[in-house]
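Convention: sequence-line order gives letters A, B, ...; per-chain numbering from 1.
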Number of protein chains: 2
Amino acid sequence: MKARVHITLKPGVLDPEGKAIGRGLAALGYDGVGEVRQGKVVELDLADTEPQAARDRVDAMCRDLLANTVIERYEIELI
Amino acid sequence: MKARVHITLKPGVLDPEGKAIGRGLAALGYDGVGEVRQGKVVELDLADTEPQAARDRVDAMCRDLLANTVIERYEIELI
């Protein structure tokens, strides 16, 4: 089973990388681009076969390592 | 309109960050975790209203700035 975790900054948290991308796009002439936010995607190959057990394990991995839960939020997708 | 771009390394390209995450999970006692791949997600607020035009513009942004198309591939999602 494969899991994909989307990790993004919580609303209100300053996103300097997103701002830099926004300025870069403007410098390249792309207008009509509002806020830009950047996050991470982590794809995991899991030996689990039972979806709920896999989701619970990945949730624990997120809290332990993958996400900084003070400033980041995460979404788990089983694929 | 909002666009979300998933940028991941092409298969076969070494992913040191993914490997580091894999080792970190193993050190924390998570077994049954195979390959780990890390990528980026960029969310863009666009003034565009016409989906195809928005998709074409974001595609150009990917080739110009967001993705290194030599080693990365990207998927565009309009949300």
State whether A/K19 and A/E17 are salt-bridged, where the test is any N-O pair (Lys NZ or Arg NE/NH1/NH2 against Asp/Glu carboxylate O) under 4.0 Å.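 Looking at A/E17 together with A/K19, the answer is no, because their closest N to O distance does not fall below 4.0 Å.
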
Electrostatic pair B/K10-B/D15, nearest N-O below 4.0 angstrom: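 No, no charged N to carboxylate O under 4.0 Å.
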
Best-contacting candidate, B/L25, B/V5, B/L46, B/L28, against chain A by heavy atom pairs under 4.5 angstrom: B/L25

Determine the option with the most heavy-atom pairs under 4.5 angstrom with chain A, choosing from B/D64, B/I7, B/L66, B/D48. B/D64

CZ of B/R4 to CZ of A/R37: how many Å apart, nearest 0.5 Å? 12.5 Å

Check whether B/I21 gets within reach of chain A through its side chain, its backbone, both or neither, counting any heavy atom under 4.5 Å. both

Taking side chain as everything from C-beta outward and backbone as N, CA, C, O, which of these in B/A60 sits under 4.5 Å from a heavy atom of chain A? Side chain, backbone, both or neither.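 It is both, since atoms from each part get that close.
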
So, for A/Y74 and A/R63, which heavy atoms are closest and what is the spacing to 0.1 Å? OH-CG, 3.5 Å

